[in-house]
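Computed from a predicted structure; not experimentally measured. Throughout, protein chains are lettered first and strands after them, A, B, ... in sequence-line order, and every chain is numbered starting at 1.
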Amino acid sequence: RERKDRLVESLLGRASPVEAKYLVKIMIGEMRTGFQEGLMELAVSRAFSTPLELVQKASMLTGDIGEVAYLLKEHGEAALSKLGLRLMRPLKPMLAQMAESPREAIEEHGGETAFEYKLDGARIQIHKVGEKVKVFSRRLTDVTDSLPEIVQAVREGVKAHEAVLEGEVIAVGRDGHPLPFQHLMRRFRRVYEIEKMLREIPVKLYLFDLLYVDGESLIDEPYLERRNRLSRVVEGIPLTEQLVTGNPAEAERFFRKALEEGHEGLMAKRLDSPYKPGVRGKHWLKIKEPLEPLDLVITAAEYGYGRRHGWLSDYYLAARDEETGEFLVVGKTFKGLTDQEIIEMTERLKRLAIMEEGNRVVVKPEIVVEVAYNEIQKSPKYKCGMALRFARITRIRDDKSPEEVDTIQKVRKIYEKQFEKKARL
DNA sequence: CCTGACTGCCC
DNA sequence: ATTCTGC
DNA sequence: GCAGAATGGGCAGTCAGG
């Protein structure tokens, strides 16, 4: 430690101010070069004079741009064209865009679509060759060892020698109702004490897609065909509940039923759509519903980074405790305001500042905002023991005074109400 | 061996 | 994950 | 319409320090 300190000290001592700035940025991982995988694909495409589309497709299929570059260097463009889905090598998952309602999804998909329950768990991709099974997470991490009962279920329930399947793992309670997402996270990616947690938090697999079966890639087959093949290939593993319809009222009822059973909402999948690895398009739409909005007061804010440098862009949101009159933080958000609104908010908050500590400004509780969120989680971090999941500001409530914000008691009531649909550990 | 800070990844 | 912005 | 930027809560894992 001492040695490190001295090395850094001497390095900075020898640097010019500008050099020092970038040295520190590098050391603390704040370079913000704007260089992500998309640019890397472009770079590889140019470096090997290969069409960008081909590089992108290969990147999706292998989930590894480094490997694509290697293939191009060693075997040239032909190797990429020949590239298909490979067993035991994960491909990037197909992604969904958002839709507001089942009706909108039906319209977008041309009058009829397939709705499936959207479960609040973790997406997995399963590769099976005989008794060998590998399970990959959404970011293609191998999570096989964390989920022994899923591996076992696949061995027993997938009636094909080779298969690549997709599904969602959720944690379930004794009655079969879904447990809140945070319980699943105690199982997912766990490496130690798996046996012990296996008993405490049971997980369950729901399958929804089949990408490969016994030598045949299905990724270019239409959704309905893949789904049919899936239902024929599995026994004893549930598929996500599904309804194919063009009737908005029927779809809406299905949506309500999913929510009533404690699930997140629906997916809508275009009937004739191929499986497009890594693509976030309109072939798949997700439909969720926020819980009832809360009016909360901003009690502190933090300065942003990068493009939000110099702006108070991250806000602490508090509800009022009707027993003590105290404002208690239930979450933090940076979402929902436009740049212009953030600039204005910065000015207002600075005028309300009570105290500054580091990056944070504590303010007089005065500005009320309407906040949307999707769940109230049990929180080890906040004093009130609860936290909003996916909090975002939907409106600035200048018509409301801080005395009128929602109470902790109301937040707790909504928290408790969630367990009418979900299981509790 | 325990704790706290931090990272990476699930959403 | 959600939201906004710039192309 | 899309990619990219900014950053939420919670969890397991890792690492440094005591």
Side-chain angles (χ1 to χ4, degrees), chain A residues 1-5 27-42 52 56 93 95-98 100 108 118-124 135-143 145-147 168-171 178-194 196-197 201 203 264-265 278-282 286 288 290 301-317 329-343 359 371-382 384-394:
Chain A
R1 173 71 207 256
E2 289 268 318
R3 212 177 107 251
K4 282 187 198 165
D5 283 356
M27 285 187 280
I28 65 172
E30 286 291 334
M31 267 307 275
R32 290 174 195 253
T33 52
F35 194 97
Q36 299 196 154
E37 202 170 59
L39 253 189
M40 192 63 204
E41 284 164 2
L42 186 61
L52 179 59
Q56 285 171 334
L95 303 168
Q97 288 194 26
M98 230 161 21
E100 285 304 308
E108 178 64 42
K118 185 177 193 306
L119 310 182
D120 191 10
R123 176 103 176 250
I124 56 170
V135 182
F136 300 97
S137 73
R138 178 183 155 142
R139 298 278 197 95
L140 317 186
T141 310
D142 188 333
V143 292
D145 292 343
S146 307
L147 306 168
E168 187 89 0
V169 210
I170 62 169
L179 280 164
F181 176 75
Q182 61 192 148
H183 297 301
L184 173 70
M185 286 296 96
R186 307 213 322 203
R187 287 289 316 274
F188 209 73
R189 283 163 50 235
R190 175 174 284 277
V191 173
Y192 306 105
E193 302 188 289
I194 292 167
K196 180 175 160 241
M197 292 308 290
I201 304 173
V203 298
E264 233 190 338
V279 173
R280 187 186 294 280
K282 291 196 178 242
K286 56 183 161 185
K288 304 201 213 179
E302 279 169 11
Y303 283 101
Y305 290 86
R307 66 189 307 282
R308 291 180 165 195
H309 181 81
W311 299 342
L312 287 167
S313 56
D314 204 2
Y315 312 110
Y316 288 81
L317 308 166
V329 176
V330 292
K332 214 175 154 203
T333 188
F334 59 94
K335 294 192 277 254
L337 299 189
T338 62
D339 284 3
Q340 189 53 43
E341 287 172 319
I342 295 172
I343 291 167
N359 202 30
V371 176
Y373 57 96
N374 287 43
E375 192 191 5
I376 301 175
Q377 291 179 291
K378 186 172 165 57
S379 171
K381 180 159 116 175
Y382 293 125
C384 71
M386 300 177 291
L388 307 183
R389 179 147 78 129
F390 310 139
R392 61 266 189 192
I393 294 172
T394 45

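- Residue A:Arg280 is out of contact with every strand shown, counting any heavy-atom pair closer than 4.0 Å.
- The CE-C1' distance, from A:Met386 to D:dG9, rounds to 14 Å in whole Å.
- Listed by first and then second residue, the salt bridge (charged side-chain N to carboxylate O under 4.0 Å, His left out) pairs that reach into residues 334-343 of chain A are A:Arg307-A:Asp339, sequence neighbours excluded.
- Side-chain nitrogen and oxygen atoms of A:Gln377 include none within less than 4.0 Å of the OP1 or OP2 phosphate oxygen of D:dG8.
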Under 3.5 Å, N/O pairs linking protein and nucleotides 5-7 of chain C:
unit_1: C:dT5; atom_1: OP1; unit_2: A:Asp339; atom_2: N; d: 2.9

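- Rounded to whole Å, atom C1' of D:dG8 lies 15 Å from atom CG of A:Asn359.
- For C:dT2, neither phosphate oxygen OP1 nor OP2 lies less than 4.0 angstrom from any side-chain nitrogen or oxygen of A:Thr333.
- Here the side chains of A:Tyr382 and A:Val330 are not in contact, with every heavy-atom distance at 4.5 Å or above.
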Report the C-alpha distance between A:Leu317 and A:Thr333 in whole Å, list the side-chain angles of each, state the deciding distance to 0.1 Å, and finish with yes or no for side-chain contact (heavy atoms from CB on, under 4.5 Å).
-> CA-CA 8 Å; A:Leu317 308 166; A:Thr333 188; 3.7 Å; yes
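- With rounding to whole Å, A:Lys282 atom NZ is found 8 Å from D:dG1 atom C1'.
- Checked against side-chain hydrogen bond (donor to acceptor under 3.5 Å, both in side chains), A:Gln182 has no partners two or more places apart in sequence or in another chain.
- An OP1 or OP2 oxygen of C:dT2 is reached within less than 4.0 angstrom by a side-chain nitrogen or oxygen of A:Lys288.
- Only the C1' atoms considered, D:dT7 is 14 Å distant from B:dC11, to the nearest whole Å.
- With sequence neighbours left out, A:Gln340 forms a side-chain hydrogen bond (donor to acceptor under 3.5 Å, both in side chains) with A:Glu344.
- Checking the phosphate oxygens (OP1, OP2) of D:dG8, no side-chain nitrogen or oxygen of A:Lys335 falls inside 4.0 Å.
- Not counting sequence neighbours, the partners of A:Glu108 by the side-chain contact (heavy atoms from CB on, under 4.5 Å) test are A:Lys282, A:Leu285.
- Counting to the nearest Å, the P atom of C:dT3 and the CH2 atom of A:Trp311 are 19 Å from each other.
- Using a 4.0 Å heavy-atom distance criterion, A:Gln97 is classed as a sugar-phosphate-only contact.
- Checked against side-chain contact (heavy atoms from CB on, under 4.5 Å), A:Met40 has the following partners two or more places apart in sequence or in another chain: A:Phe35, A:Val44, A:Ile65.
- The CZ atom of A:Arg308 sits 13 Å away from the P atom of C:dT3 (whole-angstrom rounding).
- Following rounding to the nearest Å, A:Leu312 (CG) and D:dA6 (C1') show an atom-to-atom distance of 15 Å.
- Annotation: side-chain contact (heavy atoms from CB on, under 4.5 Å) contacts of A:Lys381 (sequence neighbours excluded): A:Ser379.
- The side-chain contact (heavy atoms from CB on, under 4.5 Å) check on A:Arg308 picks up A:Trp311, A:Ser313, A:Phe334, A:Ile342, with sequence neighbours excluded.
- Put simply, OH on A:Tyr305 is 8 Å from P on D:dT7, counting in whole angstrom units.
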Pairs under 3.5 angstrom, nitrogen or oxygen only, protein versus nucleotides 12-14 of chain D, please.
unit_1: D:dA12; atom_1: OP1; unit_2: A:Arg190; atom_2: NH2; d: 2.6
unit_1: D:dG13; atom_1: OP1; unit_2: A:Val191; atom_2: N; d: 2.2
unit_1: D:dG13; atom_1: OP1; unit_2: A:Tyr192; atom_2: N; d: 3.0
unit_1: D:dT14; atom_1: OP2; unit_2: A:Tyr192; atom_2: OH; d: 3.1

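- Every side-chain hydrogen bond (donor to acceptor under 3.5 Å, both in side chains) that A:Arg123 has, sequence neighbours left out, goes to A:Glu166, A:Tyr275.
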Candidate pair A:Val203 and A:Leu147, rule side-chain contact (heavy atoms from CB on, under 4.5 Å), full reasoning | CA-CA 8 Å; A:Val203 298; A:Leu147 306 168; 4.3 Å; yes
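- When each of D:dG10, C:dT2, D:dG8 is scored by its nearest atom to the side-chain atoms of A:Arg392, the top-ranked nucleotide is C:dT2.
- Taking 4.0 Å as the cutoff to heavy atoms of chain A, we find the contact window on DNA chain B bounded by B:dG8 to B:dC11.
- Residues satisfying the salt bridge (charged side-chain N to carboxylate O under 4.0 Å, His left out) test with A:Lys332, not counting sequence neighbours, are A:Glu302, A:Asp314.
- In this entry the distance linking CD of A:Glu341 with P of C:dT3 reads 14 Å, nearest Å.
- Using a 4.0 Å heavy-atom criterion, one finds that A:Ala387 contacts the sugar-phosphate atoms exclusively.
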